[in-house]
Amino acid sequence: MFVRDLNSDGEPEVLLDLYTAGAHCCYLSRFFFFDGQRYRSLQHNFGDAGYRVKDFDGDGTPELVSADARFGYQFSSFASSLFPLQVWRYDGEELRDVTRTFPAQIRSDLRRAWRLYRNALRHRVYEPRGMIAAW
């Protein structure tokens with residue numbers, strides 16, 4: 001659990017992070033926030049990826065950097081699945097997927113996926129479909 005102002009409104013939010021355990025799941029987070037009259041909450045399932053808080057664009061408002069866990073098992077075995085970058089922003093009432101507003105980070109993630117795909121082809125340790133799907 002931690003307290004942090006996620007939307008730069010001067011009112012901190014409380015984040016409660018839970019892990020459901022198991023081989024492949026799940027990081028659940030509940031966000032508690034004050035809406036001006038009362039405290040409310042919302043929940044988000046970050047799946048296997050979890051998240052980290054980082055100010056990607058340097059504007060003073062942090063983003064929640066994660067990965068798209070929907071790619072797990074979708075195109076290959078879980079071990080060969082690659083989760084593409086996913087960036088969320090808390091706007092005071094909900095989380096919004098703002099990944100597309102970070103093209104430089106997306107390009108970096110694409111380069112990583114391409115390297116992993118090429119490596120999977122060369123060494124035949126992983127199924128390349130998982131990497132190319134993320135690319």
Side-chain angles (χ1 to χ4, degrees):
M1 187 167 89
F2 70 95
V3 178
R4 179 130 182 219
D5 186 359
L6 294 175
N7 60 346
S8 299
D9 67 352
E11 181 72 34
E13 286 70 42
V14 176
L15 278 76
L16 175 64
D17 294 327
L18 303 170
Y19 180 64
T20 62
H24 297 296
C25 220
C26 284
Y27 292 94
L28 301 173
S29 295
R30 182 161 296 271
F31 297 74
F32 296 91
F33 59 95
F34 189 67
D35 70 3
Q37 296 184 346
R38 63 185 174 95
Y39 279 93
R40 296 180 28 209
S41 72
L42 67 94
Q43 182 173 303
H44 187 79
N45 184 348
F46 286 98
D48 290 288
Y51 72 93
R52 70 186 193 284
V53 177
K54 183 175 181 177
D55 185 3
F56 249 12
D57 53 10
D59 68 353
T61 300
E63 286 77 35
L64 303 168
V65 181
S66 186
D68 194 341
R70 294 175 296 183
F71 279 66
Y73 292 113
Q74 192 66 32
F75 304 99
S76 63
S77 67
F78 187 84
S80 295
S81 296
L82 186 62
F83 302 163
L85 175 71
Q86 196 167 40
V87 182
W88 299 90
R89 183 172 292 137
Y90 173 73
D91 71 1
E93 293 187 7
E94 64 183 8
L95 287 177
R96 295 188 189 275
D97 184 341
V98 295
T99 308
R100 291 179 185 213
T101 63
F102 296 99
Q105 289 82 357
I106 292 170
R107 281 190 297 277
S108 176
D109 195 55
L110 287 171
R111 286 190 298 273
R112 179 182 68 96
W114 183 253
R115 280 192 310 273
L116 291 170
Y117 167 69
R118 300 285 297 165
N119 191 43
L121 284 177
R122 271 194 305 278
H123 299 290
R124 299 175 193 253
V125 176
Y126 293 102
E127 302 164 69
R129 276 192 320 244
M131 286 81 181
I132 199 67
W135 178 77

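Throughout, numbering of the chain's residues begins at 1 and tracks the sequence.
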Problem - Leu28 with Tyr90, same ILVMFWY side-chain cluster at under 4.5 Å - result: no
Problem - Minimum heavy-atom distance between Gly47 and Asn45, given as atom pair plus value - result: N-OD1, 2.7 Å
Practice task
Could you tell me whether Arg40 atom CZ has more than 12 heavy atoms of other residues or ligands within 6.0 Å of it?
Solution key: yes
Handout entry: Crowding at CZ, Arg100 (>12 non-hydrogen neighbours, <6.0 Å)
Key = no
Exercise for the section: Spell out, as yes or no, whether a donor-acceptor pair under 3.5 Å connects the side chain of Thr20 to the backbone of Cys25. Expected result: yes
Exercise for the section: Look only at the side chain of Asp17 and the backbone of Ser29, and say whether a donor-acceptor pair between them is shorter than 3.5 Å. Expected result: no
Problem - Co-membership, hydrophobic cluster, residues Trp114 and Met131, 4.5 Å side-chain - result: yes
Exercise for the section: Check Phe78 against Gly72 and note the closest heavy-atom contact, atom names and distance. Expected result: CD1-CA, 4.2 Å
Practice task
Using atom types as modelled and distance alone, determine if a side-chain donor or acceptor of Asp109 lies under 3.5 Å from a backbone N or O of Ala113.
Solution key: no
Fill in the blank from the handout: Between Thr101 and Val98 the two heavy atoms that sit nearest each other are OG1-O, 2.6 Å
Exercise for the section: Taking the side chain as every heavy atom from C-beta outward, state whether Thr61 and Asp55 have any pair of such atoms under 4.5 Å apart. Expected result: no
Problem - Pairwise side-chain contact, Gln105 with Leu85, heavy-atom cut-off 4.5 Å (strictly under) - result: yes
Handout entry: Value rounded to 0.5 Å, distance of NE2 in His123 from CZ in Arg118
Key = 11.0 Å
Exercise for the section: Any chance you could lay out the side chain to side chain contact (heavy atoms under 4.5 Å, CB included) test for Tyr117 and Trp135, step after step, and finish with the verdict? Expected result: CA-CA 8 Å; Tyr117 167 69; Trp135 178 77; 5.8 Å; no
Exercise for the section: Report yes if some heavy atom in the side chain of Tyr39 is under 4.5 Å from a heavy atom in the side chain of Val14; otherwise report no. Expected result: no
Handout entry: Cluster link Val87 to Tyr51, ILVMFWY, side chain under 4.5 Å
Key = no
Practice task
Would you confirm whether Ser66, through its side chain, and Gly50, through its main-chain N or O, come within 3.5 Å as a donor-acceptor pair?
Solution key: yes
Exercise for the section: Working to the nearest 0.5 Å, report the span between CD1 of Ile132 and CG of Leu116. Expected result: 11.0 Å
Handout entry: CA sep, side-chain torsions, deciding dist, call: Phe102, Asp57, side chain to side chain contact (heavy atoms under 4.5 Å, CB included)
Key = CA-CA 8 Å; Phe102 296 99; Asp57 53 10; 3.7 Å; yes
Practice task
For the pair Arg30 and Leu18, evaluate side chain to side chain contact (heavy atoms under 4.5 Å, CB included) and give the outcome as yes or no after the intermediate values.
Solution key: CA-CA 8 Å; Arg30 182 161 296 271; Leu18 303 170; over 6 Å; no
Exercise for the section: State whether the number of non-hydrogen atoms from other residues, nucleotides or ligands found under 6.0 Å of Arg70 atom CZ is greater than 12. Expected result: no
Completion exercise
Ala67 and Ala49 have their tightest heavy-atom pair at O-CB, 3.5 Å
Problem - Same cluster (ILVMFWY, side-chain, under 4.5 Å), Phe2 and Leu42 - result: yes
Problem - Validation row: Arg89, Leu95 side chains within 4.5 angstrom (heavy atoms) - result: no
Handout entry: Verdict with reasoning, Asp35 to Glu93, per side chain to side chain contact (heavy atoms under 4.5 Å, CB included)
Key = CA-CA 8 Å; Asp35 70 3; Glu93 293 187 7; 6.0 Å; no
Handout entry: Residue pair Asp48 / Tyr27: nearest heavy atoms and the distance that separates them
Key = O-CE1, 3.5 Å
Problem - Cluster link Val65 to Phe83, ILVMFWY, side chain under 4.5 Å - result: no
Completion exercise
Rounded to the nearest 0.5 angstrom, the CD1-CZ distance for Ile106 and Arg111 is 11.5 Å
Fill in the blank from the handout: Distance col, row Phe33:CZ vs Glu94:CD, nearest 0.5 angstrom, shows 9.5 Å
Handout entry: Any side-chain donor near an acceptor of the partner, Arg129 and Ser76, under 3.5 Å
Key = no
Practice task
Would you mind reporting whether Leu6 and Leu15 have side-chain heavy atoms less than 4.5 Å apart?
Solution key: yes
Problem - Check: Asn7 and Asp5 side chains under 4.5 Å, non-hydrogen atoms - result: yes
